[in-house]
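Written below as structure tokens is the structure these notes are about.
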Amino acid sequence: MRIFDPHIHMTSRTTDDYEAMYAAGVRAVTEPAFWLGQPRGSAASFYDYFDSLVGWERFRAERFGIRHHCTIALNPKEANDPRCADVLDVLPRYLAKDGVVAVGEVGFDSMTDAEEKAFVRQLELAGEHDLPVLVHTPHRDKVEGTRRSLELVAASGLAPERVLIDHLNEVTVDLVADSGCWLGFSIYPDTKMDEHRMVRILADYGLDRMIVNSAADWGRSDPLKTAKTGKAMREAGFSEDDVDRVLWRNPVAFYGQSGRLLLDPIDDAAVDQTATFAGNSVLRGQRPA
Amino acid sequence: MTDLLDNEGCARLNELIDEVTSTPARIAVLFPAVARSVGRGPTDPADPDGLVTSRVEDQARVALLRAAAQGLGRADLAREVAALYRHGDADEKRAVLRALDHLDLGDDALDLLGDALRGNDIRLIAAALGPYAVRRLDVHSWRHGVLKCLFTGVPLTAVSGIAERGDAELARMVDGFAAERRTAGRDVPADATWLLELLSTYEED
Ligand SMILES: [Zn+2]
């Protein structure tokens with residue numbers, strides 16, 4: 001099983017996670033820019049975070065045989081914080097970089113005017129930089145947030161196949177299935193969405209435009225949920241090719257629209273265990289003499 | 001450099017230079033994207049990280065900055081150079097450092113050298129010790145930069161102006177470094193020996 005986890009926040013995960021993911025078949029990931037669980041106090045805090053997404057984290061992932069991409073955006077929650085407003089003006093510098101495969105996560109958190117303004121502006125930026133868009137749907141008032149997100153996407157003039165609407169469930173799947181956008185499902189170790197419900201959705205809706213991710217971050221989450229969904233698909237009678245389509249070919253097709261995927265395989269022998277990034281090695285004690 | 005690019009890359013670079021010449025602000029997004037659109041890779045296969053020689057994308061980025069400089073006043077140019085460095089990944093930072101000697105910035109870019117020399121990224125340390133540093137960096141910081149090269153393994157062929165700027169104080173520092181290595185039973189890097197030889201005339205002053 002080869003897996004592309006299209007939504008995972010590796011900055012919050014350990015090297016044990018990288019090893020377990022590789023063992024489970026994960027060979028590529030996309031890490032969307034999001035919030036850190038606590039508010040950032042300034043725009044500059046975002047820039048350091050973006051720098052780590054295009055630099056240190058990519059380097060760290062490669063040491064474990066995993067290709068790392070990212071999406072860049074001002075997230076909906078912090079779009080409400082005036083201290084972070086300058087980020088929107090600086091985003092173009094990051095959206096131009098190699099390995100940045102979409103604008104995201106954009107969308108709604110509490111459905112405020114500030115969120116909508118940042119969302120609309122970032123949809124424009126996606127058009128200007130020829131990038132797909134990753135849309136986060138809110139945990140509260142999800143149906144209304146999803147509906148409004150689809151309206152804004154339609155009004156933006158972006159082609160629906162350039163947009164992935166994420167964190168869907170049984171209640172929101174119909175809205176998005178009819179829109180032409182890609183459908184993202186985050187599989188959690190709690191009641192939000194699990195792999196068996198996911199398999200039922202795949203059985204009901206087919207595999208077209210279907211994307212499955214772990215959305216693992218700093219909260220209670222499981223970076224192996226993609227692999228576990230693949231296993232549940234096989235147990236439910238889906239073929240190996242079906243699993244490959246959902247867990248690899250679909251995310252590659254979606255993010256591939258950026259023209260910026262870095263998918264040449266990492267040769268195990270070529271992974272230099274003593275390589276350093278800006279002088280820092282992941283593997284302490286094994287630095288070159 | 002154009003002989004290192006294929007025809008398509010060459011034509012693309014000329015388009016980008018024209019675009020930046022007419023609208024200098026476009027460099028903010030064209031500079032990071034340049035390797036993707038023009039080409040990338042070492043100009044010397046023996047120097048894959050571009051420590052001693054510029055990589056293809058470095059040369060393309062320097063060309064873009066020189067084009068932008070024609071349309072920007074000194075203060076605006078300094079602001080843009082600082083922003084490209086601040087928001088750049090290591091490849092972009094390296095190209096900014098390599099461009100400094102071609103831009104009329106006076107001392108305005110010394111902060112960037114300070115940043116590069118504080119870190120441990122050998123690509124940036126190497127690029128920071130070019131001709132701009134020879135002319136502008138205070139001698140104390142410059143000597144420490146050279147010593148850091150010996151510590152981190154940056155080849156001294158990457159450092160500009162050693163013969164002109166090296167002095168007895170640098171010789172003393174390198175001598176101390178070599179003595180410490182010998183005390184610890186470790187090899188003295190060939191570059192350190194070479195530098196001590198070169199500077200021996202100053203020591204005798
Ligand atoms: Zn997320």
Side-chain angles (χ1 to χ4, degrees), chain A residues 33 42-60 62 68-70 72 86-101 103 124-131 258-262 264 270 272 274-281 284 287-289, chain B residues 16 19-20 23 25-40 48-49 57 61 64 79-96 115-128 148-149 151-154 181 184-189:
Chain A
S42 70
S45 176
F46 271 92
Y47 309 149
D48 291 337
Y49 174 65
F50 296 156
D51 289 341
S52 76
L53 292 184
V54 298
W56 170 243
E57 201 57 43
R58 187 180 302 166
F59 171 84
R60 209 165 75 100
E62 281 173 11
H68 181 281
H69 313 85
C70 65
I72 295 284
D86 288 349
V87 172
L88 282 177
D89 296 331
V90 177
L91 282 179
R93 293 182 185 273
Y94 288 93
L95 296 178
K97 290 188 197 302
D98 292 340
V100 176
V101 294
V103 174
E124 285 168 14
L125 284 174
E128 290 165 21
H129 292 269
D130 206 19
L131 283 171
S258 68
R260 302 194 210 167
L261 285 179
L262 320 155
D264 44 318
D272 179 357
T274 59
T276 60
F277 176 83
N280 297 312
S281 169
R284 286 173 223 289
R287 293 187 64 175
Chain B
L16 297 179
E19 193 175 344
V20 168
T23 317
R26 288 285 294 155
I27 198 169
V29 293
L30 298 178
F31 188 88
V34 89
R36 206 161 60 240
S37 53
V38 170
R40 74 180 91 218
D49 291 331
E57 64 270 32
R61 286 183 171 126
L64 288 189
R79 225 183 335 263
E80 184 55 43
V81 166
L84 287 172
Y85 185 90
R86 167 65 187 89
H87 300 293
D89 62 20
D91 288 334
E92 295 161 41
K93 285 186 164 75
R94 185 187 56 219
V96 171
D115 177 274
L117 293 173
R118 262 194 307 277
N120 278 342
D121 190 323
I122 60 173
R123 295 165 295 182
L124 302 189
I125 295 169
K148 194 156 189 175
C149 288
F151 268 87
T152 56
V154 173
R181 297 277 297 199
R186 302 176 74 185
D187 291 339
V188 177

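Everything quoted here is computed from the prediction, not taken from an experiment. Heavy atoms only: backbone and side chains are in, while hydrogens, waters and symmetry mates are out.
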Ring pair (Phe, Tyr, Trp, His ring centres under 6.0 Å) involving A/Y94 - partner list, sequence neighbours excluded: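 For A/Y94 the ring pair (Phe, Tyr, Trp, His ring centres under 6.0 Å) partners, ignoring immediate neighbours, are A/F50, B/H87.
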B/L30, part contacting chain A, at a heavy-atom distance under 4.5 Å: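 Answer is neither: B/L30 stays 4.5 Å or more from chain A.
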Spatial distance of atom CD (B/E19) from atom CG (B/L64) [nearest 0.5 Å]: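 Separation between the atoms: 9.5 Å.
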For A/D130, side-chain contact (heavy atoms from CB on, under 4.5 Å) partners two or more places apart: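 Testing A/D130 for side-chain contact (heavy atoms from CB on, under 4.5 Å), a comparison that skips the adjacent residues, returns A/R162.
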Under 3.5 Å donor-acceptor, B/K148 side chain and B/V154 backbone: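 No; zero donor-acceptor contacts below 3.5 Å.
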Contact class of A/V100 relative to chain B, heavy atoms under 4.5 angstrom: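 When you check distances to chain B, no heavy atom of A/V100 falls under 4.5 Å.
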Options A/P92, A/G259, A/A96, A/A44, ranked by heavy-atom pairs under 4.5 Å with chain B, top entry: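 Top count of heavy-atom pairs under 4.5 Å with chain B: A/A96.
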